[in-house]
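Written below as structure tokens is the structure these notes are about.
We name chains A, B, ... by the order of the sequence lines, and we start the count at 1 in each one.
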Amino acid sequence: DAGVTQSPTHLIKTRGQQVTLRCSPKSGHDTVSWYQQALGQGPQFIFQYYEEEERQRGNFPDRFSGHQFPNYSSELNVNALLLGDSALYLCASSLGGFGATGQPQHFGDGTRLSIL
Amino acid sequence: GENVEQHPSTLSVQEGDSAVIKCTYSDSASNYFPWYKQELGKRPQLIIDIRSNVGEKKDQRIAVTLNKTAKHFSLHITETQPEDSAVYFCAARGGGDTGRRALTFGSGTRLQVQP
């Protein structure tokens, strides 16, 4: 049973560049949420995709955008990168979108993004 | 939106002792409270969760308690072992309208179990 997989594992970019991160959900899951985890802090919710639509968004600027494909996999895009975007980006999958109360989220290993 | 506070930020115990981590939340409509364990350089792993219609849940050496009136929930680890050393995060999921149902995480507790 494949868990949540993310690619790439590490990425180095410079300020102003654009980046795309990828996530494949756990087998049987249809909902993908993205989180940003700065060093020494808890994950912060970016947005969630369900049925190929962005269903809820956290307090992140529109430089952060995403997409969900028919096979439930998802991409996170960040434009005009800033030094402060350096973080671990985590993808979590679950079942049934936000309509399903208490469905546990399972995390991938994350993508470590460093901005120079 | 939801705000989750977690204490303490660091906790050191002797092997075999118990450890307790406490969290408070602000949104009275929150209805789901998971706990995650994150070892250095690894993914957060769900270790236990509790729903708002339950006051306590136990899984072997780990238990979680929820007080809805006071809006706080706690993680209890008994008979701690060195492999319990990690950062633990609490989280709360908002209830009510769908716009509030994201997971909000606490700032984490670094637990160190001394052999």
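Going from atom CG of B:L103 over to atom OG of A:S94 covers 8.5 Å, rounded to the nearest 0.5 Å. Atom CD of A:Q105 and atom CG of B:L46 lie 9.5 Å apart (nearest 0.5 Å).
In A:K13, the NZ atom is crowded: over 12 heavy atoms of neighbouring residues, nucleotides or ligands sit closer than 6.0 Å. Surrounding CD of B:E79 are at most 12 heavy atoms belonging to other residues, nucleotides or ligands under 6.0 Å away. Remark: A:L39 CG is loosely packed, at most 12 non-hydrogen atoms of other residues, nucleotides or ligands lying under 6.0 Å away. Within 6.0 Å of the CZ atom in B:R61, the count of heavy atoms belonging to other residues, nucleotides or ligands exceeds 12. No more than 12 heavy atoms of other residues, nucleotides or ligands sit less than 6.0 Å from atom CD of B:Q60.
Applying a 4.5 Å heavy-atom cutoff, none of the residues of residues 63-72 of chain A approach chain B. Taking non-hydrogen atoms and a 4.5 Å limit, the residue list of residues 33-45 of chain B in contact with chain A, ordered by number, reads B:Y36, B:Q38, B:R43, B:P44. Residues from residues 73-83 of chain A never place a non-hydrogen atom less than 4.5 Å from a non-hydrogen atom of chain B.
B:V4 and B:I21 fall within a single hydrophobic cluster, where Ile, Leu, Val, Met, Phe, Trp and Tyr are joined by side-chain heavy atoms under 4.5 Å apart, directly or via other members. By the rule that hydrophobic residues join a cluster once side-chain heavy atoms approach within less than 4.5 Å of another member, A:W34 and A:I115 end up as members of one cluster. Hydrophobic clustering, with ILVMFWY side chains joined whenever heavy atoms are under 4.5 angstrom apart, groups A:Y49 together with A:I46.
Chain B forms the most heavy-atom pairs under 4.5 Å with one residue out of A:G58, A:P43, A:G110, and that residue is A:P43.
In this structure, the portion of A:Q37 lying under 4.5 Å from any heavy atom of chain B is its side chain and not its backbone. Proximity to chain B (any heavy atom under 4.5 Å) is restricted, for A:Y35, to the side chain, taken from C-beta onward.
For the side-chain contact (heavy atoms from CB on, under 4.5 Å) test, residues two or more places apart in sequence or in another chain that qualify with A:Q41 are A:A38.
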